[in-house]
Every structure is written in structure tokens, then in C-alpha cells.
Amino acid sequence: MAAGLLVVLSGPSGVGKGTVCERLRLYRPSLQISLSMTTRPPRPGELAGRNYDFTTPARFKELISRDAFLEWAVVYGHYYGTPREAVEKNLALGRELLLEIDVQGALQVRRRMAEAVLIFLAPPSMEALCERITGRATEEAVHIKRRLQAAQQEMAAYHHYDYLVVNDQVEKAAASINAIIEAEKCRISRGVKPPGWGGEKKGDLSFD
Ligand code: 5GP
């Protein structure tokens with residue numbers, strides 16, 4: 001069975017990663033979205049096991065010491081991490097798996113899994129991003145300020161990624177990410193071969 005495809009999607013807070021991911025799943029129903037673990041308390045409407053695996057700092061630190069995370073980071077004062085076992089299992093089953101994680105985590109994935117595809121989702125403008133962050137009813141003023149500062153820092157990391165997608169329209173952004181995944185699945189360096197091809201050398205053309 002072909003090895004799966006690991007896709008990492010990052011972008012500043014408020015850029016619309018969640019909405020784009022939802023739209024992307026309509027294109028690719030078999031796409032798995034990794035369930036992160038976090039020590040952040042659930043927001044109203046969030047469900048354990050669906051949005052995050054919510055846990056305590058003590059448990060999170062214990063899992064770090066056991067090397068149970070593919071990557072982990074402290075974001076806005078809370079721990080967030082991707083459980084390693086689920087990633088390895090999905091990839092061994094040949095599945096496409098998407099991690100929606102911050103920039104620090106994405107760079108750790110790049111170091112550990114060079115074949116991962118890193119996509120940066122950018123806002124159409126910094127003004128639009130500020131409006132999105134400021135308009136989030138679930139956030140307190142102090143948190144909004146922190147997210148605005150972090151957004152600037154995260155934007156500066158875009159050049160570490162393989163692809164940049166601008167979220168000016170959710171539909172278009174999801175279509176672009178879908179096209180990136182399709183193209184990556186055709187990459188010969190990933191080990192794809194023509195159907196029925198056994199790898200025999202005889203009959204090779206000489207291009208000398
Ligand atoms: P939120 O608390 O708004 O759900 O997420 C805050 C930030 O944490 C977002 O940038 C999100 O992408 C990031 N994040 C979510 N899960 C993970 C994870 O497992 N690892 C890392 N490094 N970042 C994560």
C-alpha cells in the first residue's frame with residue numbers, strides 16, 4: 001500500500017483555517033483531520049474529542065516526557081500537541097492526514113518528516129485579519145491584543161512553507177489546497193509508478 005500524505009496547514013489566528021478545512025473535506029471526504037491535544041479550556045460549543053482532546057498540564061507534560069507527540073508548542077500560554085501514534089497509524093494505512101497547527105509545530109514536523117507538505121494560509125490583507133480577530137465574540141480584550149501580536153509574528157514565517165494560499169474566498173482557498181494535494185499525490189519522488197509497472201529496466205529508452 002502506498003504511504004499516506006501528511007499535510008500541515010498553518011496561518012495566523014483568525015485567517016479562517018477551520019472554515020477552509022471544512023470546505024476542503026467536501027472535496028476530499030476521506031481526508032483525516034488530526035485531533036490535537038490541548039490544555040486550553042474548551043470554548044462554548046466546543047466538544048472534547050471533536051475539536052480537541054482537552055487535558056491537564058500535568059498529563060500533557062507526562063506525554064511530552066514519553067515522546068508521545070510528533071510536535072507540540074505553547075500557544076497563547078497553553079500547550080497544544082499532535083499525538084504521534086495517530087499520525088503514524090494513518091500514514092501507514094495510506095491515508096491523507098491534515099494537521100491544523102501553529103508555525104512552531106509546523107517547523108517541528110518539517111524537521112521530523114521531510115516529506116510533509118506545508119501550506120500557509122494567509123489573509124487577503126492585514127486589515128482584514130485585524131477585523132477578524134477583533135470581531136471574535138468569544139475573546140476578551142487582553143486575548144485579542146495577544147492574538148494580533150502573534151498574528152504578525154506568524155505571518156513572518158510564511159517563507160518556511162512549501163505553498164502559500166490566500167484566503168480571500170473560502171471556496172477558492174479550499175480548491176487551491178485540494179489542487180496542491182492532488183499534485184503532491186502525483187509526485188514521482190513520493191514513489192508513484194505507472195499502473196502495472198514492475199520497475200523493470202529492459203526497454204528503457206536511451207537518451208544519450
Ligand atoms: P485555538 O485555541 O484558537 O483553537 O488555536 C490556537 C492555535 O493553536 C492555532 O494557531 C492552531 O492552529 C494551533 N494549534 C491547534 N492545535 C495544535 C497542535 O496540535 N499543535 C500546534 N503546534 N498548534 C496547534
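Just so it is clear, the structure is predicted and the values come from calculations on it, not from any experiment. All ligand and atom numbering here is 1-based and tracks the order in the structure.
Under 3.5 Å, the side chains of Tyr79 and Thr38 contain no donor-acceptor pair of N or O atoms.
Relative to the six-membered ring of Tyr76, Arg147 meets both conditions, a distance below 6.0 Å and an angle of at most 45° to the axis. Annotation: cation-pi pair Arg25/Tyr27 absent, no NZ/CZ under 6.0 Å from the ring centroid and within 45° of its normal.
Close approach of ligand 1 to Val75 (heavy-atom distance below 4.0 Å) involves ligand atoms 7 (C), 8 (O). Listed by atom number, the atoms of ligand 1 under 4.0 Å from Thr82 heavy atoms are 19 (O). In summary, the atoms of ligand 1 found under 4.0 Å from a heavy atom of Gly105, numbered by their order in the structure, are 22 (N). Within ligand 1, the atoms closer than 4.0 Å to a non-hydrogen atom of Ala73 are 22 (N), numbered from 1 in the order shown.
Residue Ser13 places every heavy atom at 4.0 Å or more from ligand 1. Ligand 1 lies within reach of Arg43, whose nearest heavy atom is under 4.0 Å from it. Put simply, part of Arg147 is less than 4.0 Å from ligand 1, judged by heavy atoms. In this structure, Lys17 has a heavy atom closer than 4.0 Å to ligand 1. Under a 4.0 Å heavy-atom criterion, Gln104 is not in contact with ligand 1. The closest approach between Phe69 and ligand 1 stays at or above 4.0 Å for every heavy atom of the residue.
Considering each of Thr38, Ile101, Val103, the one bringing a non-hydrogen atom nearest atom 24 (C) of ligand 1 is Ile101.
When only interatomic distances are considered, the shortest N/O to N/O separation between Gly11 and ligand 1 does not fall below 3.5 Å. Considering both main-chain and side-chain atoms, Glu154 never comes within under 3.5 Å of ligand 1 through any nitrogen or oxygen pair. Of the polar atoms of Ser36, at least one N or O is found under 3.5 Å from an N or O of ligand 1, judged by distance alone. Checking only distances, Trp72 never comes within under 3.5 Å of ligand 1, N or O to N or O.
At distances below 3.5 Å, at least one donor-acceptor pair connects side-chain atoms of Asn51 with backbone N or O atoms of Leu47. Remark: the backbone N or O of Tyr80 is not paired with any side-chain donor or acceptor of Arg40 at under 3.5 angstrom. Listed for the Arg95 side chain is no donor-acceptor partner under 3.5 Å among the backbone atoms of Leu31. Judged by distance alone, the side chain of Gln153 and the main-chain N or O of Ala150 form no donor-acceptor pair under 3.5 Å. When atom types are taken as modelled, the side chain of Asn167 and the backbone of Ala173 share no donor-acceptor pair closer than 3.5 angstrom.
A distance of 12.0 Å separates CG of Leu63 from CH2 of Trp72, quoted to the nearest 0.5 Å.
When side chains are defined from C-beta on, Val7 counts as touching Ile181, because their heavy atoms get closer than 4.5 Å.
Heavy atoms of Glu100 found under 4.0 angstrom from ligand 1 belong to the backbone as well as the side chain.
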